Each structure stands twice: as C-alpha cells, then as structure tokens.
Amino acid sequence: MGVKGSTTSIQVSSNVFGPATATIKPGDTVVWTLVGGTHDVVQTTGLNSCTAASSPSFGTTAGVGMSGSYSFTFNTLGTYYYMCDFHCASSGMKGTIVVSNSTMAAALLLVPSLKVAVVVLALVAVLLL
C-alpha cells in the first residue's frame, strides 16, 4: 500500500488564484475550490502565457466555468503553469504548481534571484576555505 500524499487547497475567486504558486511533492493533490465568479483551471504553454496547452495533463475544460471544486494529483516532477481562460488576458489570472522532491530546488525555480544569492554564498564559502 502506497503512502498517501498531502492536499494543497487553492481558492478560485475575484480573478485570483490563492495562493498563486504552490510547491508540492510527487503524489500530492491540488484542489482548486470555486469561491465565486465564473472561472476555470486551464494548463498553459508557459509562465507568462495565456495560451492553453494543446495536450494538457490537468485542468478543466477551457471556456466552461467550473462549479464546486476540481482536483488533480501530480505524480511527475516539474513546473506546471495554469490560468483562468476567462480572466488571463484581462486580469492576469495565472498560477504555478511546482512539483519537487526538494524544497530548496523549488525555491530556486520560483525565485531566479535566489539562484544568484546561492551561487554567491557558495563562492564566498570556497574563498574563505
């Protein structure tokens, strides 16, 4: 019997996904819950994209408002981008799911400036040795 993953909740309302970014581990489930308005959860082609992925691995049907909640269990490492098809272009309603075995790796993916800080600290440590 496998170990059950954790569940992360994302509220969908007022043209915002909350939180907009979630970092999870493989086997964890994300539950998007509609709090108000007409929204959907559609996988996109990239970080700043409002274009639906041609072969999405998760999400609701684009242009069809969701009701209640939608959940998906992420088993594959990677960074997944999604949007609300109704509000991406007009309101920038987008989100990101990072599936990682490492909390530090996820942080580096999300905060490029953190990469620079880590490299600088590593160089200082080497110089001090």
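The structure presented is a predicted model; accordingly, all values stated were derived computationally and were not measured.
Note: the hydrophobic cluster containing Val99 does not contain Met83 (ILVMFWY, side chain heavy atoms under 4.5 Å, direct or indirect links). There is no path of hydrophobic side-chain contacts, each under 4.5 Å, that joins Phe17 to Tyr81.
Taking every heavy atom of both residues into account, Ala52 and Val42 meet most closely at CB-CG1, 3.7 Å. For the pair Ser90 and Phe86, the tightest heavy-atom approach, listed with the atom from each and the gap, is OG-O, 4.1 Å. Scanning all heavy atoms of the two residues, the minimum distance from Phe74 to Val30 falls at CE1-CG2, 3.7 Å. When every heavy atom of Ser9 is checked against every heavy atom of Pro19, the shortest pair comes out as O-CD, 3.7 Å. Of all non-hydrogen atoms in Ser69 and Thr33, the two that sit nearest each other are CB-OG1, 3.9 Å. Across every non-hydrogen atom of Thr8 and Ile24, the tightest pair is OG1-CG2, 3.4 Å.
Between the side chains of Ser71 and Thr29, not a single donor N or O lies within less than 3.5 Å of an accepting N or O.
Between Val31 and Tyr70 there is no side-chain heavy-atom pair separated by less than 4.5 Å. For the pair Pro26/Leu77, a side-chain contact is recorded, criterion being any heavy-atom separation below 4.5 Å from C-beta on. Residues Ile97 and Ile10 meet the side-chain proximity criterion, which asks for heavy atoms closer than 4.5 Å. Residues Lys25 and Ser6 form no side-chain contact, since every pair of their non-hydrogen atoms from C-beta on lies 4.5 Å or further apart.
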Worksheet item: What do the steps show when you test Val35 against Val12 for side chain to side chain contact (heavy atoms under 4.5 Å, CB included), and what is the final call?
Response: CA-CA 6 Å; Val35 177; Val12 183; 6.0 Å; no
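One N or O on the side chain of Gln43 and one on the backbone of Ser57 form a donor-acceptor pair closer than 3.5 Å. The backbone N or O of Asp85 sits less than 3.5 Å from a side-chain atom of Asp40, completing a donor-acceptor pair. Under the 3.5 Å distance criterion, the side-chain polar atoms of Thr23 are left unmatched by any main-chain donor or acceptor of Val98.
Note: Phe58 and Phe72 have tilted aromatic rings, judged against thresholds of 30 and 60 degrees for the angle between ring planes.
In terms of the side chain to side chain contact (heavy atoms under 4.5 Å, CB included) criterion, residue partners of Asn15 (sequence neighbours excluded) are, by chain and number, His39, His87, Ser91, Met93. Residues that satisfy the side chain to side chain contact (heavy atoms under 4.5 Å, CB included) test with Ser49, not counting sequence neighbours, are Thr44, Thr45, Thr51.
One distance of note links CE of Met66 with OG1 of Thr38; it measures 11.0 Å at 0.5 Å rounding.
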